[in-house]
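These notes are about the structure you will find just below.
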Amino acid sequence: MSDPIALLKSAIDEAVSTIRGNRDGGAEPILERPPKAELGDYSTNGAMLLAPALGAPPRAIAEQLREAVVESLSGSVDRLEVAGPGFLNLYVSDRWCREAVGAVLAAGPQFGSLPPGSGERVSVEFVSANPTGPLTAASGRHAAYGDAIANLLEARGCIVEREYYNNDAGGQIDRLVASVAARMRREPVPEDGYAGEYLVEVAAQLAADGLSPDDHDGLFTAAPAKILGSIEQTLRSFGVEFDSFVSERRLHDSGAVAKILADLRASTHCYESDGARWLRTTSFGDDKDRVLVRSSGEPTYLAADLAYHRDKLERGAERMISVLGADHGSHPPRIRAGLAALGYDPKRYRAPIIQMVQLSSGGARAKMSKRAGSFVPLDEVIAEIGADATRFLMLQRSNDSELELDLELAKRQSADNPVYYVQYAYARINSILRKSGEGLMAIDPEAIAEVAVEPSERRLIKRLIELPVEIEESAKRLGPHRLSAYGMAAAADFNAFYRDCKVLGAPDRVEPARLAVCVACGSVLARTLALLGVSAPESM
RNA sequence: GCGCCCGUAGCUCAGUGGAUAGAGCGCAUGCCUCCGGAGCAUGAGGUCACAGGUUCGAAUCCUGUCGGGCGCGCCA
């Protein structure tokens, strides 16, 4: 019994497909929790889905379905009832619940996971902020999101490479060098340069390293490297570790960009116009063609980006995920077009878009600009709110929604941050387990299988065994925010259980039975927090 | 004008075909001789932006309208 819900579902699926016979039609039946406890523990809509194909009333088909599963589910359910428009409601037995807890304990930290390495090799690229300044709060959202989906994919058995594309080439680095050189000379930074105060410190460090403001080539390498170093530090303090940093410059220097250009030129998808070379991305669904080589002879960002994506594939990625900001929302079509033009399947590429972070302070909006130097550094957010609270806060929202972050409010509320609700429940559990002493040893699955299950205990157990589905859905949709909602719900269910069901000192076999529930809940909460990249302290 | 995203409780947001739409914060009122009160309980608060359509069933899918964000460079 590795996944209790999956076993129930397979019994239903089997019966539904038997009833359906060789008629086609009907979506996959779902097993869900009814809105009210009186309607049972689980419910399936299989009969309603079959109704059109069979031309019979849903409730009659539900009766048929009930007959079909009554045998195979006899050990698991106390009752099966047809209800409402044609739902079949399942009332699982206490014993089934106890066995479900046992299944969670047996699976341990692997509960809800597929075997490591059983999935595809996936490259997850995220943050990839230009090495021209510190990470902003917005980058923090990218970091939290990218790391979480990487965790989720690993839970689904994928071999994941967390990757940062370092844009250490191009005009922005020239502007950075000019700005740093100005700082080194104590001159005003150029009009189109980076005015942020942080460059004063960078300039001082570079001077201490023996670099001269006149040494453009030296600074072109050293300045972005210095800034990337501090970006890495910020990421580390946020709990995000990358497996690889890929340098855009290296793609140019190694000839990878030139090779892409040659290959595309040899294809039928390139043409010359206005002195530039274009890629006919409109043939692959883009809304306008894109320049690959400027009339100056310089390759564009797109050319390098395509070289980068081919590089990922050549390093073994079967799928590529690029986490992009809303301001890069027009990129995916041109990348797909380029991949298709190069003969790769564009479906191997996915690009979730992270909407903007709207920062404010006490209700007043703060406009962010790295160029102008007006932005809130991620370091500052972490220092004031904490890495755990920041990550949880940022992962509560869907990536498709804008995130409003009021720093004053977040500071004031940090003690009320939902993350502590989940962590607190986990700490409570550990407090109970610490005090239980020998009690943990007494957990014997057979001995506790017949212990009655209280209503709030039943709710908690059902919540715990939803974890596999939550992981699967969150991974499939690249939506880790589902998981923070799940963590909150599981913590709330634990608190209700804690209120209603005394654990320590409960009579006879009730104590070990409830301790087993505590252990299972602790395991699920720790797992949920870990997937979100949030710590799970045993006391706080 | 075109493309992508969003519009759900006072605020911030979950909910991508199921039964009477949820959470956190805020507000009101209760709960510590009892395993951690960073907790629990109860309550007030909703035309799910609007209008059509699809179907047994729509906050969810389709079309249109309105409102907000982002983009529409031989920048990245």
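Model, not experiment: these values are computed from the prediction. Chain naming here is simple, since letters A, B, ... match the order of the sequence lines and numbering starts at 1 in each.
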Determine the interatomic distance between [atom1] on [N] and the same-named atom on [M]; round to the nearest Å.
N      : M      : atom1 : value
B:rU60 : B:rC32 : C1'   : 44 Å
B:rA51 : B:rA58 : C1'   : 15 Å
B:rG10 : B:rU16 : P     : 23 Å
B:rC66 : B:rC27 : P     : 40 Å
B:rG57 : B:rG18 : P     : 14 Å

Respond yes when some side-chain nitrogen or oxygen of [X] is under 4.0 Å from OP1 or OP2 of [N], and no when none is.
X        : N      : value
A:Arg434 : B:rC35 : no
A:Ser431 : B:rG36 : yes
A:Tyr194 : B:rA76 : no

Determine whether any donor atom in the side chain of A:Ser330 lies under 3.5 Å from an acceptor atom in the base of B:rC72, or the reverse, and answer yes or no.
no
Distance criterion of 3.5 Å, no angle test: do you see the side chain of A:Asn89 paired donor-to-acceptor with the base of B:rA19?
yes
Residue matched to [N] through Watson-Crick or wobble contacts both under 3.5 angstrom:
N      : result
B:rG24 : B:rC11
B:rG17 : none
B:rA44 : none
B:rG1  : B:rC72
B:rC50 : B:rG64
B:rC35 : none

Between A:Glu466 and A:Tyr486, does any side-chain donor sit less than 3.5 Å from a side-chain acceptor?
no
d([atom1], [X]; [atom2], [N]) in whole Å:
X        : N      : atom1 : atom2 : value
A:Lys502 : B:rU33 : NZ    : P     : 14 Å
A:His328 : B:rG71 : NE2   : C1'   : 11 Å
A:Tyr424 : B:rG37 : OH    : C1'   : 6 Å

Any idea which of B:rG71, B:rG36, B:rC74 is nearest the A:Ala276 side chain?
B:rC74
From the options B:rC74, B:rA19, B:rG39, select the nucleotide whose nearest atom is closest to the side chain of A:Arg428.
B:rG39
Touch class at under 4.0 angstrom, heavy-atom based, for [X] against every strand present:
X        : answer
A:Lys288 : sugar-phosphate
A:Pro35  : base
A:Asp274 : base
A:Cys501 : base

Any idea if B:rC32 is syn or anti, going by the 90°-from-0 cut?
syn
For A:His328 and A:His331, take the angle between the two ring planes, folded into 0 to 90°, and tell me which bin it lands in: parallel under 30, tilted 30 to 60, perpendicular over 60.
perpendicular
Given the options A:Tyr165, A:Tyr349, A:Tyr164, A:Tyr308 meets ring-ring contact (aromatic ring centres under 6.0 Å, His included) only with A:Tyr165
